[in-house]
Amino acid sequence: MIKRLQSWEGLLAAVLVVIFAFNALMTPEFLGIGNQINLFQLSIEKIIVALVMTLIIINAEIDLSVGSMMGLSACAFGYLFQNGIAPPVAIAVCLGIGVLGGAVNGWFITRVGLPSLVVTLATLIGFRGLARVMVEDRGIGDFPDWFDALGQKGLLGPIPFALIAFVLLFAVIYVVLERSGFGRKTYVIGSNRDVAEFAGIDTARHKMILFIASGAVSAFAGLLYAARVGAVRGDVALGFELDVITIVLLGGVSIFGGKGTLVGTLLSVLIVLNLRNGMALLNITGHIQTGVIGLLLIASVVVPRIRLTRAKAPKEASA
Amino acid sequence: MMMKHVLGAAAALMLGGASFAYAEALKLEGGKSTDMVLLPKFLGILVFDQANEGAQEAHAELANPGKLEFTGPTPENSVAGQIEIMTTAATQKLGAVMLSNNAGDQIAPAAEAAQAAGTKVVTWDSPVPSGAGESVFVAQVDFGSIGVVMADMAHSILGGKGQMAVLSATPDAANQNAWIEAMKVALAADAKYADIELVDVVYGDDQAEVSYNRALALVDKYPDLGLIMSPTTVGIQASAKAMQDEGLCDKVKVSGLGLPSEMVSYTMNGCAPEFALWDFRDLGYLTYFTAYGLATGQLKGEVGESFTAGRMGDFTIEEDPSRAGSKRILMGPFTVYTKDNVEAAAK
């Protein structure tokens with residue numbers, strides 16, 4: 001039990017309980033079903049992408065292009081819809097764009113051998129450029145009612161489609177990461193790619209699959225965004241990649257790869273969303289919200305260091 | 001979908017109600033409690049702080065025992081932040097949200113949800129393009145009149161004769177392009193402007209340094225230039241500073257749309273003798289009266305309704321000519337600032 005609490009996940013869970021209790025005490029609206037659903041809905045696209053980002057970072061890579069891919073997918077949907085393409089076809093095309101964009105990232109990273117930081121920084125700019133070219137400075141809206149309803153209304157009772165998608169995706173990725181060979185390889189490659197290569201793992205293929213998944217899920221999240229807000233513009237999801245990466249790192253996933261769990265990411269998601277929602281209900285302004293989340297991230301980087309040096313100290317003394 | 005039917009029915013009722021005109025302006029009864037939020041595009045912009053001052057003034061004047069919060073997103077999170085605050089306002093069951101919209105139609109579902117929860121949405125400065133989810137838009141000025149105001153300032157500064165150039169924001173800034181076009185129309189429409197020549201339109205990207213350099217380039221390119229007209233608060237200040245730094249103020253004047261607090265020194269030393277803008281304090285004040293009236297049920301939000309907004313006088317809800325099916329309250333007109341009134345406004 002004590003060991004559990006000492007783990008990073010244990011610490012996150014304790015922080016979450018404190019925030020949750022604080023919110024419930026401070027604002028009577030917090031515990032309402034509507035608010036609890038809104039709390040997820042307002043950031044649902046980011047937290048869906050955070051699930052895949054967890055795999056990418058454990059694999060010792062990064063995908064900075066996810067926000068731009070969300071924007072590209074949403075804008076492509078608006079563009080196709082405006083040009084008379086049937087929405088189901090447009091949705092399929094957008095998901096295809098996600099797969100293709102992910103494959104482009106993967107190809108440059110695995111075949112050309114460029115660092116993912118550089119490649120996805122380039123596609124962050126490139127995908128956003130394409131999105132802006134397609135819709136220019138206009139807003140495109142008036143999507144079909146069923147499409148808007150998918151983003152805005154409950155599907156299972158009050159629970160919207162996007163939240164169900166998040167839960168399903170969490171379950172799938174959890175099983176893959178914790179219970180499959182693919183998951184074990186993700187950790188091994190992330191810890192040491194050379195060792196993985198010597199062990200006969202096709203690391204290039206593995207990374208290619210991850211980046212395609214990241215592109216496809218980002219495109220899917222972009223469509224969810226379009227449905228939720230009922231209109232798209234060139235700046236859709238601008239800067240979302242930083243929020244996504246913040247959540248994953250706060251969840252205890254090591255930026256150097258090889259370490260981290262999906263449960264950590266989930267706890268981090270819940271902490272960030274509850275914190276933001278609680279501050280919003282207390283009418284705390286955006287600057288302070290950003291500051292608090294920033295402090296939290298700094299703490300998440302510093303605290304493990306302190307614990308590490310503390311844990312080391314007695315050993316060194318005895319030696 | 002249900003929502004749209006409900007709104008449709010409400011719109012039909014409103015049209016029915018509009019057939020009889022309200023003879024007298026309603027005097028709003030103070031002292032009723034309603035919590036409201038003033039939601040700017042983002043925080044850290046002077047004009048939005050001024051709008052808040054105006055709203056706070058009205059809040060005190062109407063003796064609303066409820067709370068008036070001034071809260072907004074950070075600039076890089078503007079769209080998502082505005083949607084979040086709108087959604088939260090509905091959860092909190094606030095009386096009204098006063099929104100300077102930066103999210104385009106993306107705010108519409110959140111605004112409609114707020115309306116469904118009984119929270120009125122009054123826009124100011126920048127409306128919801130489709131009008132969906134919006135009770136009424138408090139418009140600062142009639143954007144069509146801006147062309148005439150700029151043409152008149154040019155006429156007055158140049159003494160009716162001379163060359164002028166425009167230094168705008170970006171080539172695809174919709175507001176500025178419409179205003180420049182309106183000025184061209186105004187210049188062509190009246191013979192008194194016949195001797196004013198518009199020689200060029202350049203763009204400073206709404207960045208101080210770029211605008212500063214473009215202004216100096218204009219002076220080099222057109223030796224007979226008498227006036228730089230800049231319909232953006234960044235451009236006008238940078239141009240005035242450029243002319244002042246280079247000692248050109250006797251020869252080339254600056255005018256356009258500017259903030260009194262930023263322009264006061266240039267107006268007093270003659271570099272920018274006249275410029276125009278609307279008063280954001282007044283805009284916040286009028287917006288508060290409108291939102292208070294709607295939130296307390298004293299106003300229905302129907303076309304033709306008139307009410308008294310304290311020190312600013314009477315206003316009427318009307319059809320918005322630029323957005324079919326939407327409603328607006330026109331604050332207007334422009335305030336033209338000169339040596340005589342700029343110091344008071346800059347405080």
S.K.: For the backbone of A/G286 and the side chain of A/T290, can you confirm whether one donor and one acceptor N or O come within less than 3.5 Å of each other?
M.R.: yes
S.K.: As a quick check of understanding, evaluate ring-ring contact (aromatic ring centres under 6.0 Å, His included) for A/F147 and A/F77, giving each step before the final call.
M.R.: CA-CA 11 Å; A/F147 183 76; A/F77 178 80; 4.3 Å; yes
S.K.: Would you name the heavy atoms of B/A169 and B/T232 that are closest together and state the gap between them?
M.R.: N-CG2, 3.7 Å
S.K.: Would you say A/Y79 has more than 12 foreign heavy atoms packed within less than 6.0 Å of its OH?
M.R.: no
S.K.: Spell out, as yes or no, whether a donor-acceptor pair under 3.5 Å connects the side chain of A/Q41 to the backbone of A/G151.
M.R.: yes
S.K.: Under a 3.5 Å distance rule, please check whether B/D105 uses its side chain to pair with a backbone N or O of B/S130 as donor and acceptor.
M.R.: yes
S.K.: Can you name the residues of residues 219-231 of chain A that have some heavy atom under 4.5 Å away from a heavy atom in chain B?
M.R.: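 Against chain B, the residues of residues 219-231 of chain A that fall inside the cut-off (heavy atoms, under 4.5 Å) are A/Y225, A/R228, A/V229, A/G230, A/A231.
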S.K.: Non-hydrogen atoms of chain A under 4.5 Å away: do they reach the side chain of B/P75, the backbone, both or neither?
M.R.: side chain
S.K.: Heavy-atom pairs under 4.5 Å with chain A: which of B/G44, B/G72, B/A108, B/P73 has the most?
M.R.: B/G72
S.K.: Under 4.5 Å from any heavy atom of chain B, what part of A/N283 do you find: side chain, backbone, both or neither?
M.R.: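 When you check distances to chain B, atoms from both the backbone and side chain of A/N283 fall under 4.5 Å.
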S.K.: Is it true that a side-chain atom of B/K327 and a backbone atom of B/G301 form a donor plus acceptor pair closer than 3.5 Å?
M.R.: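 Yes: the side chain of B/K327 pairs with the backbone of B/G301.
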S.K.: Could you look at B/F42 and say if it's the side chain, the backbone, both or neither that has a heavy atom under 4.5 Å from chain A?
M.R.: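 For B/F42, there is no contact with chain A at all, as no heavy atom is under 4.5 Å.
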S.K.: As an exercise: rank A/L42, A/N35, A/V232 by heavy-atom pairs under 4.5 Å with chain B and give me the winner.
M.R.: A/L42
S.K.: When only pairs under 4.5 Å are counted, which of B/V79, B/T71, B/V37 shares the most heavy-atom pairs with chain A?
M.R.: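 Top count of heavy-atom pairs under 4.5 Å with chain A: B/T71.
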S.K.: Examine distances only and state if a side-chain atom of B/Q82 and a backbone atom of B/S100 form a donor-acceptor pair shorter than 3.5 Å.
M.R.: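 Between the backbone of B/S100 and the side chain of B/Q82 there is a qualifying donor-acceptor contact (under 3.5 Å).
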S.K.: Is it the side chain or the backbone of A/D235 that comes within 4.5 Å of chain B heavy atoms, both, or neither?
M.R.: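 Only the side chain of A/D235 comes within 4.5 Å of chain B.
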S.K.: Can you tell which part of B/N77 gets under 4.5 Å to a heavy atom of chain A, answering side chain, backbone, both or neither?
M.R.: side chain
S.K.: Hey, which residues of residues 117-127 of chain B are touching chain A, say heavy atoms under 4.5 Å apart?
M.R.: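 Listed by number, there are no contacting residues, so the answer is none.
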S.K.: Pick one of side chain, backbone, both or neither for B/I85, based on which atoms fall under 4.5 Å of a heavy atom in chain A.
M.R.: neither
S.K.: Looking at A/S300 and A/L250, would you say the former's side chain and the latter's main chain have a donor-acceptor pair under 3.5 Å?
M.R.: no
S.K.: I'd like to check B/Q115 versus B/S135 (side-chain heavy atoms, cut-off strictly below 4.5 Å). Are they in contact?
M.R.: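 Contact flag for B/Q115/B/S135 side chains = yes.
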S.K.: Need one label for B/E84: side chain, backbone, both or neither, based on atoms under 4.5 Å from any heavy atom in chain A.
M.R.: both
S.K.: Is it the backbone or the side chain of A/L39 that comes under 4.5 Å from a heavy atom of chain B, or both, or neither?
M.R.: neither
S.K.: Please classify the contact between B/A103 and chain A as side chain, backbone, both or neither, with a heavy-atom cut-off of under 4.5 Å.
M.R.: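 The answer is the backbone of B/A103.
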S.K.: State, to 0.1 Å, how close B/Y203 and B/R214 come at their nearest heavy-atom pair, and which atoms those are.
M.R.: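 Smallest heavy-atom distance, with atoms named: O-NE, 3.0 Å.
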S.K.: Return the minimal non-hydrogen interatomic distance between B/A111 and B/M86, and the atom names on each side.
M.R.: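 Shortest heavy-atom contact: N-CG, 3.9 Å.
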S.K.: Given a strict heavy-atom distance threshold of 4.5 Å, which part of A/Q289 is in contact with chain B: side chain, backbone, both, or neither?
M.R.: side chain
S.K.: Identify the heavy atoms of A/M134 and A/L72 that sit nearest to each other, and give their distance.
M.R.: CE-CD1, 3.5 Å
S.K.: Just by modelled atom types, is the B/F280 backbone N or O under 3.5 Å from a matching donor or acceptor in the B/Q50 side chain?
M.R.: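 Side chain of B/Q50 to backbone of B/F280: no pair is present.
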S.K.: Take atom CZ of A/F170 as the centre, draw a 6.0 Å sphere, and report whether it contains more than 12 heavy atoms from other residues, nucleotides or ligands.
M.R.: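 Check passes, neighbour count above 12.
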S.K.: Ion pair present between A/D243 and A/K46, side-chain N to carboxylate O less than 4.0 angstrom?
M.R.: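 Result for this pair is yes, salt bridge flagged.
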